Amino acid sequence: MIKYKELIMAYNHKTIEKKWQNFWDKHETFKTAEKTDKPKFYALDMFPFPSGQGLHVGHPEGYTATDIVSRMKRAQGFNVLHPMGFDAFGLPTEQYAMKTGRFPADITKENVANFRKQMKSLGLSYDWNREVNTTDPKYYKWTQWIFEQLYKRGLAYEDKIMVNWAPDLLGGTVVANEEVIDGKTERGGFPVYRVPMRQWVLRITAYADRLIDDLDDLDWPESIKEQQRNWIGRSVGASVFFDIENNNEKIEVFTTRPDTLFGASYMVLSPEHKLVDEITTPAQQVAVEEYRKAIASKSDLERTDLNKDKTGIFTGAYAINPVNGEKLPIWIADYVLASYGTGAIMAVPAHDTRDYEFAQKFALPIKAVIEGGDIDKEAYTGDGKHINSDFLNGLDKTAAIEKIIVWLETHNRGAKKVNFRLRDWIFSRQRYWGEPIPVINWEDGETTLVPEAELPLKLPYSDDIKPTGNGESPLANITDWVNVVDENGRKGRRETNTMPQWAGSSWYFLRYVDPDNQTALADLDKLKYWGPVDLYVGGAEHAVLHLLYARFWHKFLYDLGVVPTKEPFQKLVNQGMILGENHEKMSKSKGNVVNPDDIVEQYGADTLRLYEMFMGPLDQSIAWSEDGLAGSRRWLDRVWRLIMDDQNKLKANIVDNNDGKLAKIYNETVKKVTSDYEGLRFNTAISQLMVFVNDAYKVEQLPVAYIEGFIKLLAPVVPHIAEELWSQFHPDNSLAYAAWPTYDESKLVEDEIQVVLQVNGKVRGKIIVAADITPEELEKRALAEANMQKQLADLTIRKVINIKNKLINVVAN
RNA sequence: GCCGUUGUGGCGGAAUUGGCAGACGCGCUGGACUCAAAAUCCAGUUCCUUCACGGGAGUGUGGGUUCGACCCCCACCGACGGCACCA
């Protein structure tokens with residue numbers, strides 16, 4: 001439905017937008033200078049995956065935001081780096097290629113061309129000379145190089161890991177946890193088995209502490225920082241060693257509450273714990289085996305989400321509490337996860353909800369060691385005086401933890417310990433369309449890296465990219481690529497797994513700084529000049545994965561001395577989602593999808609940019625409104641008519657003379673718009689520009705200086721129409737680098753001010769007074785005002801609050 | 001369940017440090033222009049009450065602090081996002 005009717009109008013967005021896009025291209029207006037004396041500003045968008053669908057209306061929101069800031073900063077004399085590129089590896093392309101029998105590389109090329117064309121049609125001021133593409137061998141050479149550095153420092157390793165294996169899907173493939181529902185694949189409903197498989201893993205946990213601690217200094221949304229903290233999940237506690245009766249092994253547990261050690265009444269191992277076979281007594285052997293078998297077919301999801309009812313079985317063995325020598329029965333239960341801590345716990349049912357539930361179900365003893373609460377009803381997890389705890393009696397939680405840790409350490413029974421929820425990053429994918437992992441496995445068992453001089457290790461062209469069916473990547477089928485022989489005739493086989501999509505996106509912002517460098521991922525001096533990113537805008541869906549992985553790689557590169565800063569992105573902003581007109585997420589099935597190409601065609605890119613910025617705060621999710629969009633276009637028409645007449649000439653009332661009538665509003669507008677752009681408050685900046693236009697329509701004469709200033713303020717949001725209007729004053733010249741307007745503070749103050757009059761906090765009137773009035777005189781005038789007199793007639797004045805130049809509040813009763 | 005964000009007219013949203021609630025836009029109403037319509041320009045538009053001046057209520061709910069609260073504090077309710085037996 002088209003609400004805005006296209007008429008024969010003076011403001012023709014089609015001609016104007018094409019004209020200026022060509023102008024910018026031809027003159028390379030936005031080509032970034034190398035290092036200069038100017039201060040730098042690095043404004044970055046999260047680069048997109050170039051899907052076959054093209055841009056959706058959510059993309060231009062973030063892109064316009066960084067574009068506005070970039071354009072303002074250029075006018076303010078900054079050297080601005082504002083690049084764009086493509087995160088082009090990924091499963092959707094691979095699947096589309098299989099369906100159509102085409103090469104992923106060819107599909108990618110087309111999609112990228114389409115994306116670039118769409119972005120140019122939006123008038124975004126990117127320096128396209130710096131475009132990067134993660135699938136370009138010249139780019140992924142350095143992705144592979146970073147992997148090799150990680151490997152050399154022991155931060156990339158191979159491990160057998162439990163994966164979700166779906167043998168009946170796509171001829172056998174591994175699926176992600178998110179793709180498994182109720183033990184079946186999300187697509188197709190095929191059964192999923194948990195099997196151990198050899199995977200490449202990156203030791204992100206080695207950086208866990210720094211990844212948490214360095215969040216404090218970042219200018220990021222609190223919610224994202226909090227998500228990362230929770231994801232990393234640092235908890236401080238102690239590890240404690242328990243002897244086993246009639247066995248030389250020890251059980252190590254991690255606990256955040258070592259102070260409750262005297263309250264331990266049993267122990268639990270995860271069913272997969274390596275000591276289970278060793279300690280299970282013959283009498284319990286069959287029962288334990290059956291339990292473990294039942295657990296094995298369950299996914300992690302089922303074990304946690306679907307199973308709040310505790311299950312478990314006694315092993316027949318006993319451990320010894322190191323602090324008092326008590327015998328503790330050892331159980332196995334699936335509420336203890338093999339993947340966290342040591343996969344074993346000491347159970348203190350009196351003071352832990354989960355242990356309490358388990359103890360209730362299996363009639364295990366519950367022994368209180370902290371005062372407070374009622375352990376007949378529920379576990380007490382709060383603080384309090386310790387009881388039944390020998391040398392800890394009388395202490396509170398903090399003091400008791402400190403004391404027991406000293407005891408454990410001096411008796412060699414444990415130590416203070418920090419544990420993380422974060423696990424190492426599974427880095428291999430059994431896919432074709434990703435960066436090859438540059439590793440060779442030789443027949444004698446040796447594993448070597450592809451020598452740096454031979455990078456990039458190129459992904460071979462292949463028209464057979466179907467899964468192998470045995471869990472290996474399609475690359476395993478390409479025999480002349482996989483099989484290698486070294487100079488001594490030794491045979492080897494290349495690693496066939498590829499890297500995940502997160503690899504290329506973990507460092508792309510560094511490459512923009514020096515995109516053609518052949519000898520380093522980027523020149524260190526250039527990185528020193530441009531880094532870190534001053535403004536990074538993108539969707540909140542990348543809160544943990546991309547943003548955590550990128551921080552991890554950046555810190556690693558920092559340790560290598562390859563990058564000069566600890567953190568990659570100083571300021572981060574998440575744009576909100578644009579919802580459909582029915583306030584639901586846009587989707588084809590709901591039929592509420594808005595296509596940006598259609599908007600650009602009908603209303604113009606400037607209208608789209610203006611509308612998306614005016615809808616509301618950048619970080620908020622807001623529903624699309626066709627009426628609102630049409631209103632934005634109408635306002636641009638109104639701006640045009642303010643400056644241009646029916647014959648498309650400058651209006652006759654735009655004059656050199658300045659009668660001062662617009663002085664206050666103009667200076668206010670410059671001040672507010674500048675600071676609002678700076679603070680990314682585009683909706684209020686635009687409303688201020690609207691106020692200026694409303695006022696400008698009410699005066700007879702428009703000073704040239706103010707109109708030029710207004711056009712410059714407008715330009716970052718709607719650059720095409722602004723350039724066209726600017727060219728009326730300065731023919732064939734871009735305003736991109738024209739100096740940003742300044743304001744005169746003295747024009748903002750008024751001779752007369754309005755003061756609000758209140759009685760007991762309620763507004764009873766307003767008076768206009770001279771700005772330099774004395775407080776005494778102001779009070780006198782306020783009390784003399786007619787309605788104030790009426791309101792105060794029967795009351796006694798107790799107090800008068802006099803806020804300078806703002807308000808008088810009379811307290812009376 | 002836990003953590004985070006958030007709640008303001010018919011709608012999207014403003015409100016600097018605790019000081020006029022509702023800027024700006026959409027929608028709606030009226031006027032000007034027009035033979036008429038569209039477009040445009042101007043004016044009005046939180047709700048109740050009043051011919052009017054004015055008065056009363058009002059920022060999810062209930063309390064509190066204050067001369068004064070959308071803003072600060074306590075408790076609760078709803079929406080959105082994340083995590084989910086993490087010992």
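Numbered from 1 within each chain, the chains take letters A, B, ... in sequence-line order. Note that this is a predicted model, so its numbers are computed, not measured.
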*If we take the P atom in both B/C42 and B/C26, what is their distance in whole Å?*
12 Å

*N/O (side chain, A/Gln758) to phosphate O (OP1/OP2, B/G19) under 4.0 Å*: no

*Report yes if at least one side-chain N or O of A/Ser235 is closer than 4.0 Å to OP1 or OP2 of B/A87; otherwise report no.*
yes

_Taking any heavy-atom pair under 4.0 Å as a contact, classify A/Lys698: base, sugar-phosphate, or nothing._
sugar-phosphate

*asked:* Checking A/Thr311 against A/Tyr291: is there a side-chain donor and acceptor pair closer than 3.5 Å?
replied: yes

*asked:* Please determine whether a side-chain nitrogen or oxygen atom of A/Arg681 lies at a distance below 4.0 Å from atom OP1 or OP2 of B/A14.
replied: no

*Any A/Asn694 side-chain nitrogen or oxygen under 4.0 Å from OP1 or OP2 of B/G25*: yes

*In whole angstroms, how far is the P atom of B/C80 from the CG atom of A/Leu579?*
11 Å

*Give the nucleotide from the list B/G12, B/A87, B/G19 with an atom nearest to the side chain of A/His583.*
B/G12

*Please work out if A/Asn419 contacts a base, only the sugar-phosphate, or nothing of the nucleic acid, heavy-atom cut-off 4.0 Å.*
nothing

*Find the distance A/Leu618:CG to B/U5:P and express it as a whole number of Å.*
18 Å

_If I pick the C1' atom on B/G18 and the same atom on B/C72, what distance separates them, to the nearest angstrom?_
8 Å

*Among the candidates B/G82, B/G13, B/G19, find the nucleotide nearest to the side-chain atoms of A/Pro617.*
B/G13

*Quickly work out the A/Gln791 CD to B/C53 C1' distance and round it to whole Å.*
12 Å

*Take atom CZ of A/Arg229 and atom P of B/G81, then tell me their distance rounded to the nearest Å.*
22 Å

*Indicate whether OP1 or OP2 belonging to B/A84 is found under 4.0 Å from a side-chain N or O atom of A/Arg421.*
yes

*How is A/Ser625 classified with respect to the nucleic acid when contacts are heavy atoms under 4.0 Å: base, sugar-phosphate, or nothing?*
nothing

*Assigned partner base of B/G10, Watson-Crick or wobble definition, under 3.5 Å*: B/C26

_Categorize A/Gln754 for me: base, sugar-phosphate, or nothing, with a 4.0 angstrom heavy-atom threshold over every strand shown._
base

_Mind checking if A/Ile622 touches a base, just sugar-phosphate, or nothing, with heavy atoms under 4.0 Å?_
sugar-phosphate

*Euclidean distance for P, B/U45 against B/G25 (whole angstrom)*: 14 Å

*Output yes when at least one side-chain N/O atom of A/Arg764 is less than 4.0 Å from OP1 or OP2 of B/G54, else no.*
no

*Reckon A/Lys766 touches a base, only the sugar-phosphate, or nothing at all at heavy-atom distances under 4.0 Å?*
base

_Can you identify which nucleotide, out of B/G13, B/G25, B/C3, has its nearest atom closest to the A/Asn230 side chain?_
B/C3

*asked:* Using whole Å, what does the distance between atom P of nucleotide B/U40 and atom CG of A/Leu636 come to?
replied: 13 Å

*Whole Å only: how far is the CZ atom of A/Arg257 from the P atom of B/C85?*
20 Å

_Give me the distance, rounded to whole Å, that separates B/G30 from B/C67 when you measure between the C1' atoms they each carry._
42 Å

*asked:* So, does A/Arg634 get its side chain near the phosphate of B/C24, meaning an N or O under 4.0 Å from OP1 or OP2?
replied: no

*Whole-angstrom distance between B/C70 and B/G63, as gauged at atom P*: 15 Å

*Under 4.0 angstrom between A/Arg638 side-chain N/O and B/C41 OP1 or OP2*: yes

_Phosphate-side-chain proximity, A/Asn683 and B/A14, N/O vs OP1/OP2 below 4.0 Å_ = yes

*asked:* Give me syn or anti for B/G9, where syn covers glycosidic angles within 90 degrees of 0.
replied: syn

_A/Phe358 and A/Phe362 aromatic ring geometry - parallel, tilted or perpendicular at 30°/60° bounds_ = tilted

